[in-house]
Amino acid sequence: MKLPARLATPAALLLLAALTATACAPQTSDGTSTADEKTGTLRVWLFQEVSNKPKEQVVEQAVAAFEKRHRGTEVEVEYIPVETRAQRVKAAFNDPASAPDLIEYGNTDTAGYVKDGGLADISAEFAAWDETKDTDPTAKRSVTVAGKVYGAPLFVGVRALYYRTDVFAELGLAAPRSQAELVSTAKKIRKAKPDLYGIAVGGAYTYGAMPFVWSAGGELATANGDSYKAAVAGEAALKGIATYTSLFGDDNCPAAKCAQMGGNATVTAFAAGKAGMAIGGDFSHAAVEAGAVKGKYAVVPLPGTTPGSIAPAFAGGNNIGVLKSTSHRTLAVDLLKSLTGKDTQGRLFDAMGFLPTYTDVRAAAAQRRPFVKPFIDTLGAGTRFVPASPGWGQIDAGLVLPTMFQEIVSGRKDVRTAADDAAKKMDAAFAPAG
C-alpha cells in the first residue's frame, strides 16, 4: 500500500500496519471479505473527465462530509482513464488485496461485473435509503441484475435532436415532428446547402441508431429464460434499421465519410457548423456551446414514427458500486451514499451538466438550466436499456451493431442479411452468458 505523504509519521506507520492487515483480511470462497472495519482508509476509483477539476471539487465536498461523520477514516480518490477501465477493474476483481473499496462504472458494465463476482449486493441498504424513493426507474434498472441491486446510479444521460436555427429559418423549415419528416428535412438541407450534412449520422453510432429501432417497435433482444435472444432481425427492428440507414448517402451524409463516424464525430461535425442537425446528448451541450454554432441552435426530443411522438432513447450514464472484497463494507456503503446522494448529484449537474438520477433533483435542475428540458422530456417519454447480460459487453466490444450498419450503408449487404448475421453473433455472445 502506497503511503500518502500526509501520513508519513510514526503514528501513521502504526495505522498503516493495521490497514495492511485489513487489506489482507480473509475472503470467502466468492471473494467477499469477512471483515467490516469501522475505521481506516477507503480507496475510490472514479472516471477522469475531459475537464476533471469541477468533478474533483464536488467529490472533495462529499468526501469531507463523510470524513467528518466518521472520525478515524480517510478517503483516497484516484481518477482513472475511462479507456483503460476494463483492465484496471478486472485486475482489481482478481486481486482483492489491492482493489479499491468503491468504483465508478458505466451502466452497461453492470451485468458483466456482477458475473465476474466483483460487485457487492447492496439491495437491503438501497431499499432502506430514504432518498432512493425518488430514483428514476430506468436508472435503478441499470444497477439491478436478477432482482438484486449492485450499486447506486450517479447520473443519467440521454440523447435528443440538435438543429441549426439559422439554417432552418433561412430555408423556412420547422423542427421535424416525425422520423419521416426528419429524413425529408435532412435531404432538403443537403440539397439547398451541399456543404452541410442534413443530419450528421454515424455507422458506428449505436446509441444514436437504436431509437429508430425502438420507435418502430423493434428490440435489441428479448428475454429468453435466464438469457437473451437477439431480436434485431425481427420485422419491426428491420423497419427501424432501414430508416436509420436511409440517412447515409450523397443526399444527406455520404457513406464514404459517415459510415465510420461515431457519436462524438457527429456532434463534433454539428458543433463545427458542418451539419444542419445531429443526435447528441445532454452531455454534448458544453461541446456544442464551445463550437461555431453557439447561439445558432436549439434542441428538441428526437421524434418517433408518429407525428408529435418522442423516440425511446438509450438511458446511458454511470453508477458507483461497492466491491465485494472491501473490508469496510458499512463505511463503503455510507461513502457511496455521500457520492451519489441528492446533494452531490445536484452539485455535479451544476459543475458538469450530468443529469441527476433523482426525479425531484432533476426537476429542480431544469429550473436552473432550461437547456435540459428536451432531455428531461425524453426521459419522461420512456427510455430503454441494453440487455442485462454479461454477453452485452462482448457484443459491444465486438462492434456487432456498428458492423451491421456499416455493411448496409456500404452496400455490401441488404438490411435483412446484415441483421440476420448480427443476430447470430449476438446469440453466440448471449449463450455462454446465460
Side-chain angles (χ1 to χ4, degrees), residues 86 89-90 93 105-119 121 123 136-151 153 156-159 204-242 244 311-319 321 382-408 413 415-434:
V89 172
K90 183 175 182 180
F93 290 169
Y105 63 93
N107 62 12
T108 60
D109 295 327
T110 307
Y113 287 175
V114 170
K115 181 175 185 261
D116 291 342
L119 296 177
D121 173 2
S123 301
D136 180 275
T138 302
K140 183 179 179 182
R141 283 199 298 273
S142 79
V143 293
T144 305
V145 177
K148 297 180 180 179
V149 176
Y150 292 91
V156 64
V158 292
R159 293 164 176 84
Y205 194 4
T206 300
Y207 297 118
M210 284 302 96
F212 291 82
V213 173
W214 289 322
S215 61
E219 298 288 348
L220 291 173
T222 55
N224 183 30
D226 293 332
S227 187
Y228 286 84
K229 178 76 174 173
V232 293
E235 292 302 321
L238 293 177
K239 291 179 182 177
I241 294 169
Y244 183 71
F314 166 69
N318 288 356
N319 305 324
T383 55
R384 301 291 182 88
F385 195 58
V386 299
S389 165
W392 178 256
Q394 182 180 335
I395 292 164
D396 200 25
L399 304 177
V400 173
L401 295 178
T403 297
M404 175 187 72
F405 293 124
Q406 290 163 355
E407 288 173 340
I408 295 167
K413 295 179 182 177
V415 172
R416 186 176 296 276
T417 301
D420 282 340
D421 291 346
K424 291 173 184 176
K425 294 175 185 176
M426 292 175 70
D427 286 338
F430 286 138

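Count residues from 1 along the sequence.
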Test of understanding: with salt bridge (Lys or Arg N to Asp or Glu O under 4.0 Å), list the residues that count as partners of Lys229, not counting sequence neighbours. Asp427
Parallel under 30°, tilted from 30 to 60°, perpendicular over 60°: which one fits the rings of Phe430 and Tyr228? tilted
Least distance between heavy atoms, Ala422 atom then Met404 atom: CB-SD, 3.9 Å
For Val158 versus Ala313, what's the shortest heavy-atom pair and its separation? CB-CB, 4.3 Å
Using side-chain contact (heavy atoms from CB on, under 4.5 Å), reason through Lys425 and Thr403 one step at a time and then give a plain yes or no. CA-CA 11 Å; Lys425 294 175 185 176; Thr403 297; 4.2 Å; yes
Taking only residues two or more places apart in sequence or in another chain, which ones pass salt bridge (Lys or Arg N to Asp or Glu O under 4.0 Å) with Lys413? Glu407, Asp421
Minimum heavy-atom distance Leu238-Ala419, with the two atoms named: CD2-CB, 3.5 Å
With Asp116 via salt bridge (Lys or Arg N to Asp or Glu O under 4.0 Å) - residues at least two apart: none
Run the numbers on Phe93 and Tyr113 for ring-ring contact (aromatic ring centres under 6.0 Å, His included), then give the verdict. CA-CA 9 Å; Phe93 290 169; Tyr113 287 175; 5.4 Å; yes
ring-ring contact (aromatic ring centres under 6.0 Å, His included) partners of Phe212, counting only residues at least two apart: Tyr244
Write down the atom of Ala230, the atom of Ala423, and the distance for their closest heavy-atom approach. CB-O, 3.6 Å
Output side-chain donor-acceptor pairs under 3.5 Å for residues 216-224, partner residues at least two apart or in another chain, one line each.
residue: Glu219; atom: OE1; partner: Arg384; partner atom: NH1; Å: 3.3
residue: Glu219; atom: OE2; partner: Arg384; partner atom: NH1; Å: 3.1

Could you go through Tyr205 and Phe405, starting from their C-alpha distance and side-chain angles, then the distance that decides it, and tell me whether this counts as side-chain contact (heavy atoms from CB on, under 4.5 Å)? CA-CA 9 Å; Tyr205 194 4; Phe405 293 124; over 6 Å; no
Can you list the residues that meet the side chain to side chain contact (heavy atoms under 4.5 Å, CB included) rule with Val213, with sequence neighbours excluded? Met210, Ala237, Ile241
Taking ring-ring contact (aromatic ring centres under 6.0 Å, His included) as the test, write out the residues that go with Tyr150, two or more places apart. none
Closest heavy-atom contact between Ala418 and Ile408? CB-CG1, 3.6 Å
If the condition is side chain to side chain contact (heavy atoms under 4.5 Å, CB included), which residues does Asn319 pass it with, not counting sequence neighbours? Tyr105, Asn107, Thr110, Ser142, Val143, Pro153
Asp121: which residues meet the salt bridge (Lys or Arg N to Asp or Glu O under 4.0 Å) condition with it, sequence neighbours left out? none
Could you tell me how the ring of Tyr207 sits relative to the ring of Trp392: parallel (under 30°), tilted (30 to 60°) or perpendicular (over 60°)? tilted
Which heavy atom of Ile395 sits nearest to which heavy atom of Ala429, and what is that distance? CG1-CB, 3.6 Å
Applying side-chain contact (heavy atoms from CB on, under 4.5 Å), run through Val400 and Gln394 and close with a yes or a no. CA-CA 9 Å; Val400 173; Gln394 182 180 335; over 6 Å; no
What residues, two or more places apart in sequence or in another chain, satisfy side chain to side chain contact (heavy atoms under 4.5 Å, CB included) together with Ala311? Gln179, Pro211, Ser215, Leu302
Kindly write out the residues that satisfy side-chain hydrogen bond (donor to acceptor under 3.5 Å, both in side chains) with Asp136, not counting sequence neighbours, or none if the list is empty. Arg362
Would you please name every residue forming a side-chain hydrogen bond (donor to acceptor under 3.5 Å, both in side chains) with Thr383, sequence neighbours left out? Thr138
